[in-house]
Amino acid sequence: MTKPIHSLALISYHTSPLAALGGYKTGGMNVYVRELARELGRRGVRVDIFTRREAPTQPDIDTSLGEHVRVVHIDAGTYGVKDPNDLRADVPVFVKGIYKFAMQHDTGYDLIYSHYWLSGLVAEKLREAWRIPAVQMFHTLGAMKNRIASEPAPRVDLRVVDEMRIVRWADRVVAATQAEYAQLLWLYRTDRRKVSIVPPGVDAAQFTPRPREAARQAVGLQPGERMLLFVGRLEPLKAVDSVIRALAAIASVAPQTLKSVRFTIVGGEPGNPERKRLAALAERLDVARWVDFVGPKDHTQLPDYYSAAEVLLMPSDYESFGMVALEAMASGTPVIASNVGGLAYLVREAETGYLVPVRDPVALAERIRDVLADPVRRDAMGVAAHERAQQYDWRCIADQLMDVFTQARTSQRTRTGNI
Ligand code: UDP
């Protein structure tokens, strides 16, 4: 019989689970690694998260994520934020640093769980040396990035080649949704038997409906004001400009609808280029008076934002999952999202929110008006959203992942004849 997993090496090479969220590059994956590690730690699984040291001030080991969880900072080339291709070149140094750490601390692991393409390259080396099973989750796939790039972006062919290799050797691959499963099969020719669909989770105790009035006060809403909310990294792929265009569309046909409406944008520091672009667009379309840029917020502050909002808007060009939509739903807030990727699975049309075509401000405007016009329906959708989110509680998701880890162990033993 396959033994259960007691210790895990989580690889999050290019970004730290301790990083502040809502920056250009820090979002869903950081939350995933952090929350999963915490949940496994609570169960007594020993988790070491290996991440690149971004600044000399970061300690070798950080234990702030809770019992049994250590964030281990490993030196890999120069400090600071780096381009993925430079990070790729530093993989061998990072791997060496992990070996050294494990040897110095006399530590071994039952399994490697690596996140994003670059960490897969790290896992590729570690599993050979340690002879343990490895599970990979990509979070985003290079082949999808190539397909949806709306403006000329550097193509990521080298990354795709790496990803193709990773799916060959990985003992198991975790897909967040049915859509990612299909992409792994059709774009990467992954062996379907090694792919498990396990979505990211949500902390259902933290993200739960809060008393509305208190939440509204906590986020600074004035009596009578109604908030439309966006939360996330500010980058063009999030298509926040669609909301600004939707506000302009509403203003042109039914300006009274926008009376007392605030469109609150959480995420994106003041210097963020997308934030500047959005602010300029709002000015140009004469809707700036309804738009508030409040910058990145700590995860612990978000439940108040979600609970205070009439609706969460996520009009992204693409989302492999969309944790923000799930957090809003868990908080009892309906979601209007574009009908793509993970969002198409999370949002049930007219039940927990609405799905609209990508970059269709008129359709988005109509749905915003629907929500604002019918508070009873809005509340019913919020209740249904909350209920639907419960199946994504990290406790359920961690159970499913533990099963995947066990399967990985079995397949690695079969492969190596080490039964
Ligand atoms: N987030 C946050 N503060 C911010 C902006 C975002 O804590 O100011 C968190 C948000 O709550 C979510 C994650 O960052 O957990 C974003 O994940 P999502 O899957 O929505 O988007 P991604 O960043 O993966 O594109």
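Ligands are counted one by one from 1 in listed order, and the atoms in each one are counted from 1 as well. Position 1 is the first residue of the sequence; numbering continues from there. Side chains included, hydrogens not; waters and symmetry mates left out as well; all remaining heavy atoms used.
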Discussion item. ring-ring contact (aromatic ring centres under 6.0 Å, His included) for F138 and Y116? Distances and angles first, verdict last.
Written reply: CA-CA 4 Å; F138 287 104; Y116 192 60; 8.7 Å; no
Worksheet item: What's the spacing between Y305 OH and M227 CE if we round to 0.5 Å?
Response: 7.0 Å
Worksheet, complete the sentence: Protein neighbours of ligand 1 with a heavy atom under 4.0 Å, given by chain and number, are L21, G22, G27, G28, V31, V231, G232, R233, K238, V266, G267, P296, K297, H299, L302, Y306, M314, E319, G322, M323, V324, E327
Fill in: Short side-chain to backbone donor-acceptor contact, K194 and R168, under 3.5 Å
yes
Worksheet item: Would you find a donor on one side and an acceptor on the other, under 3.5 Å apart, between the side chain of E225 and the backbone of Q222?
Response: yes
Worksheet entry | Donor on one side chain, acceptor on other, Q58 and R53, under 3.5 Å | no
Worksheet item: Any salt bridge (charged side-chain N to carboxylate O under 4.0 Å, His left out) pairs touching residues 201-210, not counting sequence neighbours?
Response: R210-D304
